[in-house]
Asker: 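This is the structure I want to talk about, given as structure tokens.
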Amino acid sequence: MFLLYKYDIFWAFLIISNVIPILAFLISAALAPISKGPEKLSSYESGIEPMGDAWLQFRIRYYMFALVFVVFDVETVFLYPWAMSFDVLGVSVFIEAFIFMLILIVGSVYAWRKGALEWS
């Protein structure tokens, strides 16, 4: 109870960081012109007259490939600093990195066996 005065700056920052975006949305909604019509409701296709429906259904395969890419991209982000300071850190960090890579390899083998990485 007696240490709450130390968090005054935190609460002020939290309130200000929530008020500014809300205020921006309210000002934008109040000042923006409202114009609904067929041109506003049609999809934009680089100035060309739209053909067909704008709602396309994508295959789940696109998302699976994107997810695998993100996982391995994050893996390289985590492993790069480890590789740069390998001589300083020692054997325990080598074992941790090995376990980390082993988990990723098991996950990719699982995805491969489930057929998530096949495009056809």
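Starting from 1, each residue takes its place in the sequence as its number.
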Asker: Is Phe65 atom CZ crowded by more than 12 heavy atoms from other residues, nucleotides or ligands, each under 6.0 Å away?
Answerer: yes

Asker: Which distance, rounded to the nearest 0.5 Å, do you find between the CD1 of Ile105 and the CZ of Phe100?
Answerer: 11.0 Å

Asker: How far apart are the closest heavy atoms of Leu104 and Phe72, and which atoms are they?
Answerer: O-CZ, 4.4 Å

Asker: Is there a path of hydrophobic side-chain contacts, each under 4.5 Å between heavy atoms, that joins Ile103 and Leu79?
Answerer: no

Asker: To the closest 0.5 Å, what do you measure between CG (Leu26) and CG (Leu31)?
Answerer: 10.5 Å

Asker: Nearest 0.5 Å, what's the CG-CZ distance between Leu14 and Phe10?
Answerer: 5.0 Å

Asker: Consider only side-chain heavy atoms of I, L, V, M, F, W and Y, link residues closer than 4.5 Å, and tell whether Ile16 and Ile27 are in one cluster.
Answerer: no

Asker: Between atom CZ of Phe78 and atom CG of Asp73, what is the distance when rounded to the nearest 0.5 Å?
Answerer: 11.0 Å

Asker: To the nearest 0.5 Å, what is the distance between CG on Leu67 and CZ on Phe69?
Answerer: 11.5 Å

Asker: I'd like to know whether CH2 of Trp112 has more than 12 heavy-atom contacts from other residues, nucleotides or ligands below 6.0 angstrom.
Answerer: no

Asker: Specify the closest pair of heavy atoms between Ser85 and Pro81, including all atoms of both residues, with the distance to one decimal.
Answerer: OG-O, 3.0 Å

Asker: Val91, Ile99: one ILVMFWY side-chain cluster at the under-4.5 Å cut-off?
Answerer: yes

Asker: Is Val71 reachable from Val74 through a run of I, L, V, M, F, W or Y residues, each pair having side-chain heavy atoms under 4.5 Å apart?
Answerer: yes

